[in-house]
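This report concerns only the one structure given below.
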Amino acid sequence: MIVLFSTTNKHKIREANETGKIYGIGFEQINCIYPEIRDEKFENIASEGVKYVYEKIKKPVIVEDSGIIIDALNSFPGTFSAYIEKKLGNKGILNLMRDVEERNRTARYISAVAFFDGKILKTFVGTVEGKISTGERGSGGFGYDPIFIPNGYKETFGENPEPKKEISHRRKSVETFCKFYVKYNEDIK
Ligand code: ITT
């Protein structure tokens, strides 16, 4: 089964496919740029985005909105994660957090996948808890991975991206989508 996934981020496609293959689903990248609304909720941004893309292509499709929430920064950068990554980067985030003690460095990644087929609109959210390291470590993964240490691990996702396949926010959101889609596909047969 092929599912269209509108994104400019090839890492999202690669990671979605790592989960999709368990369910016999392949995600195919399409690049239909959609305007991102301003909202604090990833689900709302993804839902509005997927409706826009559907209107353009008239085929069932998913989009994903994701980002990182850092407690010591009052949830910043949240839904502005892509923009802040470009403007400040990991060094800028570490600089903002230079006086924050270990126990207050908690953070989480959130991923919201939205599906729309012209009638059914659904969102699937996944989260992974962790903390922000004191330096950039590793070059695996992408984005904030070199400064994110998932709970239960010592290494950042940048040093060891392997656990992302099992525990990441995207693994969880895509997996719940896949479970839904397998059933959806049987129901429409
Ligand atoms: P599309 O909107 O085209 O899908 P994007 O990269 O702009 O691609 P988002 O608007 O959803 O996607 O922003 C997500 C940002 O959050 C991403 O660019 C990273 O900065 C960060 N992010 C999300 N998931 C991540 C992950 O698994 N590892 C590292 N950084 C992540």
Side-chain angles (χ1 to χ4, degrees), residues 3-20 27-54 56-57 61-70 73 75-94 96 107-116 123-133 136-151 153 155-175 177:
V3 173
L4 301 180
F5 184 170
S6 186
T7 178
T8 58
N9 186 330
K10 63 180 189 322
H11 301 285
K12 290 186 177 182
I13 296 288
R14 177 178 45 75
E15 292 187 3
N17 274 319
E18 281 161 3
T19 305
F27 292 96
E28 185 181 313
Q29 182 171 13
I30 61 164
N31 210 328
C32 177
I33 308 280
Y34 55 91
E36 274 190 19
I37 61 158
R38 279 204 184 175
D39 199 288
E40 283 198 30
K41 279 197 175 302
F42 297 95
E43 299 96 294
N44 294 346
I45 297 173
S47 298
E48 289 308 308
V50 81
K51 287 193 270 181
Y52 181 95
V53 175
Y54 177 85
K56 292 273 171 209
I57 66 167
V61 62
I62 65 165
V63 306
E64 189 238 36
D65 197 65
S66 53
I68 195 164
I69 286 184
I70 302 176
L73 302 179
S75 303
F76 182 82
T79 54
F80 296 103
S81 292
Y83 179 74
I84 295 303
E85 188 204 320
K86 281 187 208 104
K87 293 288 174 190
L88 293 184
N90 288 329
K91 285 192 176 54
I93 294 286
L94 291 175
L96 289 176
R108 65 204 54 78
Y109 275 128
I110 299 185
S111 158
V113 168
F115 167 84
F116 191 49
T123 53
F124 308 87
V125 179
T127 302
V128 58
E129 299 283 339
K131 60 178 192 272
I132 302 299
S133 58
E136 277 186 278
R137 292 177 1 210
S139 55
F142 68 101
Y144 299 94
D145 286 342
I147 61 167
F148 184 83
I149 306 168
N151 282 355
Y153 292 79
E155 295 170 302
T156 65
F157 273 156
E159 290 173 292
N160 182 14
E162 254 329 277
K164 284 191 93 176
K165 291 181 187 161
E166 301 296 329
I167 62 163
S168 81
H169 52 317
R170 189 160 296 106
R171 161 70 193 241
K172 292 169 189 162
S173 61
V174 172
E175 181 155 55
F177 165 74

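If you're wondering where the values come from, they're calculated on a predicted model, not measured in any experiment. Order of listing sets the numbers, starting from 1, for every ligand and every atom in it.
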Sub-4.0 Å atoms of ligand 1 with respect to non-hydrogen atoms of [X]:
| X | value |
| --- | --- |
| N9 | 6 (O), 8 (O) |
| D65 | 9 (P), 10 (O), 11 (O) |
| E64 | 4 (O), 11 (O) |

List the closest protein heavy-atom neighbour of [atom]: residue, atom name, distance to the nearest 0.1 Å.
| atom | result |
| --- | --- |
| atom 14 (C) of ligand 1 | S66 O, 3.1 Å |
| atom 27 (O) of ligand 1 | K164 NZ, 2.6 Å |
| atom 3 (O) of ligand 1 | T8 OG1, 2.6 Å |
| atom 11 (O) of ligand 1 | K12 NZ, 2.8 Å |
| atom 10 (O) of ligand 1 | E36 OE2, 3.1 Å |
| atom 4 (O) of ligand 1 | T7 OG1, 2.6 Å |
| atom 20 (O) of ligand 1 | E85 OE1, 2.5 Å |
| atom 24 (N) of ligand 1 | R170 NH2, 2.9 Å |

> Mind checking whether T79 and I45 have side chains closer than 4.5 Å, heavy atoms only?
Replying inline: yes
>> Can you confirm whether L88 sits close enough to L96 that some side-chain heavy atom of one is under 4.5 Å from a side-chain heavy atom of the other?
In response: yes
Going by heavy atoms, is [X] under 4.0 Å from ligand 1?
| X | answer |
| --- | --- |
| H11 | no |
| G67 | yes |
| D145 | yes |

Would you check if the side chain of [X] reaches a backbone N or O of [Y] as a donor-acceptor pair within less than 3.5 Å?
| X | Y | answer |
| --- | --- | --- |
| S168 | K165 | no |
| Q29 | T7 | yes |
| Y144 | E85 | yes |
| T123 | V113 | no |
| T156 | I149 | no |

> Does the ring of F116 carry K51 above it, NZ/CZ under 6.0 angstrom from centre and within 45° of its axis?
Replying inline: no
>> Less than 4.0 angstrom from a charged side-chain N to a carboxylate O is my criterion; do R137 and E155 meet it?
In response: no
> Can D145 and K164 be counted as an ion pair, charged N to O under 4.0 angstrom?
Replying inline: yes
> Nearest non-hydrogen atom to atom 25 (C) of ligand 1 belongs to which of Y144, F157, F142?
Replying inline: F142
> Which option, A46, S111, A82, P77, owns the non-hydrogen atom nearest atom 13 (O) of ligand 1?
Replying inline: A82
> Does S6, backbone or side chain, put an N or O under 3.5 Å from an N or O of ligand 1?
Replying inline: no
>> Please identify which of these residues, Y109, F42, F124, meets the ring-ring contact (aromatic ring centres under 6.0 Å, His included) condition with H169.
In response: Y109
